[in-house]
Amino acid sequence: SSVEPSKGPASGNNVVINIHGENFVPDVEDSWMCRFGDSNLIRAFWISSSTLRCVLPPHRPGVVSVKVTPNAMEFSNSAGDTEHFEYYAMPSVESVQPTFGTHLGGTRVTIRGQNLHNMVSTCHFGPSHSALAEDIVDDTIVCLSPPLLNGEDDIVSLSLSSSEGIQSEAIQYTYTARPVAVSLYPRKIAGANHATFVYVRGSHFIDTSSLSCKFENDSDEIVTQCMW
C-alpha cells in the first residue's frame, strides 16, 4: 500500500491524495472515509478496488499515519513508511536578490524565506516561464531566470512551487534591457596605488545599490561598486 503524494502542506490546501491498497469494495453508499493522524474523518472517493481518493485535511506539521475505513468503525492497519504522510509548514518568501535581470535570462536569482526547503522544486517567472531550482540550502533557493520573449510584459510575478503543485506567494521581478558600455574615461592610469574615478558611458544602466563594474585581465579580476 502507499500514499501519493507522500507529503503536503499543513493547511491542506485542497491537495488531492490517492491512497493505494487492496480489497476496497465499491462505494455504493458513499461510506468510505479516511483519516490523517488525529484529524477528523473525511470523505474518501472510491476509484477502484485498489485506490481511494481524499482531499487533504489541515493538520499540524509532522509525520502522521493514514487510515481508511468503510464504516467509521473498522480501520485499516497503518504500519511502515508507505502508509504515512508528512505535513510541512507552508513556505513564505521574504526576499529576492536581485529583483531584476536582463531579458536574455541567465540571471542568478537568490530567494530567501521560511520553510522553503520543505517544498520548492520550481521557480515561476510569470505565468509562462519556469526554471528548476538549482541550489536549495536550508531556506535559500537559487534559480536562473529564463529568457523573456519579445512582446511579453517586463514586470512579472516570481513565485515558487512544489512537485505537489503548492504555490508560494509572489514577489515582483523586472526584466530589463542588457546594459551596454560604449566608452570609458580615462582608459588608463599611471600606477595602481591610489583611487581613480573611471567614467563609463553607455545605455540601459539602472540606478541600484548593487550597480558595479568589473575590471579583469588574463590573471586578475576586480569588482568595485559604481555610482549611477
Side-chain angles (χ1 to χ4, degrees), residues 5 8-11 13-16 88-187 196-217 220-228:
S11 62
N13 212 54
N14 293 320
V15 173
V16 175
Y88 55 72
M90 282 295 288
S92 62
V93 176
E94 297 177 343
S95 67
V96 174
Q97 185 63 34
T99 56
F100 58 87
T102 74
H103 64 274
L104 299 177
T107 300
R108 190 174 175 84
V109 180
T110 300
I111 303 160
R112 294 181 174 87
Q114 296 183 15
N115 304 312
L116 300 186
H117 64 283
N118 287 332
M119 53 128 341
V120 172
S121 62
T122 306
C123 299
H124 299 274
F125 292 75
S128 304
H129 302 286
S130 60
L132 293 177
E134 298 246 323
D135 297 309
I136 303 177
V137 180
D138 294 329
D139 286 326
T140 300
I141 309 296
V142 176
C143 285
L144 295 181
S145 65
L148 188 71
L149 300 179
N150 291 334
E152 293 185 315
D153 290 338
D154 294 334
I155 300 176
V156 300
S157 296
L158 172 56
S159 61
L160 308 172
S161 72
S162 70
S163 56
E164 296 84 37
I166 306 304
Q167 198 95 359
S168 74
E169 71 270 30
I171 288 183
Q172 181 175 294
Y173 182 86
T174 303
Y175 279 95
T176 64
R178 183 179 183 181
V180 177
V182 176
S183 65
L184 70 159
Y185 177 84
R187 297 186 63 85
T196 301
F197 282 108
V198 176
Y199 297 88
V200 182
R201 298 184 184 278
S203 59
H204 307 307
F205 299 156
I206 299 175
D207 186 9
T208 171
S209 60
S210 60
L211 187 64
S212 59
C213 294
K214 180 168 70 174
F215 300 85
E216 61 180 335
N217 55 29
D220 201 7
E221 178 181 298
I222 299 174
V223 177
T224 182
Q225 187 173 3
C226 295
M227 292 183 292
W228 189 77

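Residue numbers start at 1 and run along the sequence shown.
Formation of a donor-acceptor pair under 3.5 Å by the Ser212 side chain with backbone atoms of Val223 is not found in this model. Distance alone, capped at 3.5 Å, is enough to place a donor-acceptor pair between the Glu169 side chain and the Val93 backbone. Side chain of Asp154 to backbone of Thr174: no donor-acceptor contact under 3.5 angstrom is found. Of the possible polar contacts, none joining the Asp139 side chain to the Arg112 backbone as a donor-acceptor pair under 3.5 Å is found.
Taking CG of Leu158 as the start and OG of Ser145 as the end, the distance is 9.5 Å to the nearest 0.5 Å. Annotation: the span from His103 atom NE2 to Leu149 atom CG amounts to 10.5 Å, rounded to 0.5 Å. One finds the OG atom of Ser183 at 6.5 Å from the CZ atom of Arg201 (value rounded to the nearest 0.5 Å). The SG atom of Cys226 sits 12.5 Å away from the OH atom of Tyr199 when rounded to the nearest 0.5 Å. Taken to the nearest 0.5 Å, the CD1 atom of Ile206 stands 4.0 Å off from the OG1 atom of Thr176. The NZ atom of Lys214 sits 4.5 Å away from the CD atom of Glu221 when rounded to the nearest 0.5 Å.
His124 and Ser161 share a side-chain donor-acceptor pair at under 3.5 Å.
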> Between Arg178 and His204, is a side-chain contact (heavy atoms from CB on, under 4.5 Å) present by the stated rule, with each step listed?
Replying inline: CA-CA 7 Å; Arg178 183 179 183 181; His204 307 307; over 6 Å; no
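Listed by chain and number, the residues in a ring-ring contact (aromatic ring centres under 6.0 Å, His included) with Tyr173 are Phe125, Tyr175 (sequence neighbours excluded). For Arg108, the salt bridge (Lys or Arg N to Asp or Glu O under 4.0 Å) criterion is met by Asp135, not counting sequence neighbours.
Atom CG of Asn14 has 12 or fewer heavy atoms from other residues, nucleotides or ligands within 6.0 Å.
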